[in-house]
> 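Quick one: the structure is below, and I'll ask about it shortly.
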Amino acid sequence: MNLIKIGIIGGTGIYDPRLLENLQTTVQKTPYGDVSVATGSYQGIEAAFIPRHGARHSLPPHLINYRANIMALKQMGVERILATAAVGSIHYDFKPGHFVLADQFLDFTKSRTNTYYEGGSQGVVHCDMTIPYCSDLRQALSQAGSDLGVTVHNGGVYVCTEGPRFETAAEIQMFKLMGGHIVGMTSVPEVVLARELGMCYANVSLVTNFAAGLVTGMLTHSEVLEVMAESLHQVRAVLMGALPYIAAERPCDCARAVPDMDITK
Ligand code: HPA
């Protein structure tokens with residue numbers, strides 16, 4: 001099979017692989033479980049697609065098989081991952097409908113397996129995480145956003161919570177004091193696992209709401225879905241518009257985050 005170098009992980013609201021043409025579905029067997037992956041192309045650029053929450057949003061954030069998903073893409077030859085997410089905003093300048101390309105994260109997850117390296121034959125590895133999100137991919141996405149005239153904030157601190165509940169108002173105040181800009185439930189460990197396998201990873205967050213306590217009233221998942229549905233065409237356009245800006249060879253050093261290790265061999 002042809003190696004496919006670009007992977008797209010669709011978050012909340014992005015379940016349909018028909019952003020690509022000439023679609024096919026393959027099942028990748030990984031040591032962590034089987035993953036159904038759609039493949040196709042956009043303007044001659046091949047890409048693989050996985051809906052993170054399943055085709056009908058049946059998986060909550062803490063039960064997603066992150067290791068299987070990332071390994072499936074790695075096995076197919078993917079080097080770069082663009083991953084969408086719905087997020088709440090902790091920062092008043094980041095408004096619903098805006099895009100944020102996270103450049104850092106704060107990890108508040110609790111129960112997730114967050115590494116491929118569990119000792120024994122896999123070894124013990126402490127992966128560099130200084131700059132977890134690939135700045136070259138962010139540049140491509142930011143360029144696509146400005147071509148389209150949408151508001152894209154290139155950089156922001158993604159606070160990853162365990163979920164599936166939303167946050168308390170006090171938690172959001174704490175995250176704000178700590179320097180968080182957006183809050184979601186999925187970027188960790190996804191970005192960590194991609195980096196452990198030497199892949200570039202970019203987060204394309206759409207702000208769907210102000211986070212708990214920053215506006216009055218309760219927060220609902222249907223509100224998140226509604227805003228995502230309204231911006232769906234823009235999310236797709238930013239993703240697809242970025243593909244032609246991604247250089248064939250990787251200029252970044254994401255491949256060297258874990259020197260001399262290749263768990264897939
Ligand atoms: N918190 C956590 N995850 C989210 C939010 C939020 O406010 N909005 C969309 N995903």
Side-chain angles (χ1 to χ4, degrees), residues 8-16 50-54 56-64 66 69 82-112 114 132-133 141 150-153 155-192 201-236 238-239:
I8 296 171
I9 298 181
T12 297
I14 313 281
Y15 315 113
D16 192 341
I50 296 175
R52 183 189 287 125
H53 296 276
R56 279 176 290 279
H57 204 114
S58 52
L59 282 172
H62 64 297
L63 296 182
I64 291 166
Y66 295 97
N69 288 351
L82 307 178
T84 76
V87 294
S89 173
I90 306 179
H91 184 58
Y92 284 111
D93 290 346
F94 295 181
K95 300 187 195 308
H98 288 187
F99 288 86
V100 184
L101 311 174
D103 64 344
Q104 289 289 327
F105 68 72
L106 291 168
D107 179 10
F108 284 87
T109 62
K110 293 175 183 152
S111 72
R112 308 174 185 188
N114 61 6
Y133 300 96
L141 287 158
V150 297
T151 305
V152 178
H153 303 280
V157 178
Y158 181 116
V159 179
C160 194
T161 61
E162 181 66 12
R165 66 168 177 85
F166 287 119
E167 301 71 40
T168 65
E171 285 170 333
I172 293 300
Q173 283 308 316
M174 175 182 75
F175 296 149
K176 197 174 169 67
L177 285 172
M178 290 177 150
H181 297 121
I182 50 177
V183 58
M185 302 176 192
T186 54
S187 198
V188 183
E190 207 169 76
V191 59
V192 174
Y201 181 104
N203 158 270
V204 189
S205 282
L206 179 81
V207 177
T208 53
N209 56 280
F210 281 110
L214 297 188
V215 285
T216 48
M218 286 203 264
L219 202 54
T220 63
H221 185 55
S222 39
E223 169 187 347
V224 168
L225 288 177
E226 251 168 56
V227 177
M228 186 48 96
E230 279 162 20
S231 303
L232 197 57
H233 60 289
Q234 288 184 337
V235 179
R236 291 176 161 194
V238 170
L239 276 177

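Just so you know, ligand 1 is whichever comes first in the structure, and atom 1 is the first atom listed for that ligand. Everything numeric here is computed off the predicted structure, so don't read it as measured data.
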> Report the part of Val183 in contact with ligand 1, treating N, CA, C, O as backbone and CB onward as side chain, heavy atoms under 4.0 Å; options are side chain, backbone, both, neither.
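It is both parts that get close, each with some atom under 4.0 Å.
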> Check this for me - ligand 1, Gly88, N or O atoms closer than 3.5 angstrom, yes or no?
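Yes.
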> Relative to ligand 1, is Leu219 under 4.0 angstrom through side chain, backbone, both or neither, heavy atoms considered?
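Answer for Leu219: side chain.
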> Any atoms of ligand 1 less than 4.0 Å from a non-hydrogen atom of Thr208? List them with their elements.
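Those atoms are 8 (N), 9 (C).
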> Is a side-chain donor or acceptor of Tyr158 paired with a backbone partner of Met185 at a separation under 3.5 angstrom?
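Yes.
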> Show me which atoms of ligand 1 lie under 4.0 Å from any heavy atom of Glu167.
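Reading through ligand 1 atom by atom, the close ones are 1 (N), 2 (C), 6 (C), 7 (O).
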> Do me a favour and list the nearest non-hydrogen protein atom to atom 8 (N) of ligand 1 with residue, atom name and distance?
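Looking at atom 8 (N) of ligand 1, the protein heavy atom closest to it is Asn209 OD1, 2.7 Å.
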> At less than 4.0 angstrom from any non-hydrogen atom of Met185, what atoms of ligand 1 do you find?
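Those of ligand 1 that fall under 4.0 Å from Met185 are 2 (C), 3 (N).
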> Nearest protein heavy-atom contact for atom 10 (N) of ligand 1: which residue, which atom, what distance?
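Here the nearest protein heavy atom works out to Ala86 O, 3.2 Å.
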> Does some non-hydrogen atom of Thr161 fall short of 4.0 Å from ligand 1?
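No.
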> Taking the six-membered ring for Trp, are the ring centroids of Phe94 and Phe210 within less than 6.0 Å of each other?
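Aromatic pair excluded; centres sit 6.0 Å or further apart.
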> Would you compute the distance between atom CD1 of Ile182 and atom CZ of Phe99 and round it to the nearest 0.5 angstrom?
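Atom-to-atom, Ile182:CD1 and Phe99:CZ are 12.0 Å apart.
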> Backbone N or O of Leu59 within a donor-acceptor pair of the His53 side chain at under 3.5 Å?
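Checked: pair present.
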> If every non-hydrogen atom of Leu141 is compared with every non-hydrogen atom of Val204, which pair is closest and at what distance?
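Result for this residue pair: CD1-CG2, 3.6 Å.
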> In terms of relative ring orientation, are His91 and His181 parallel, tilted or perpendicular, with 30° and 60° separating the classes?
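Plane angle over 60°, so perpendicular.
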> Return the minimal non-hydrogen interatomic distance between Thr161 and Arg112, and the atom names on each side.
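Nearest pair, atom of Thr161 first, then Arg112: O-NH2, 3.4 Å.
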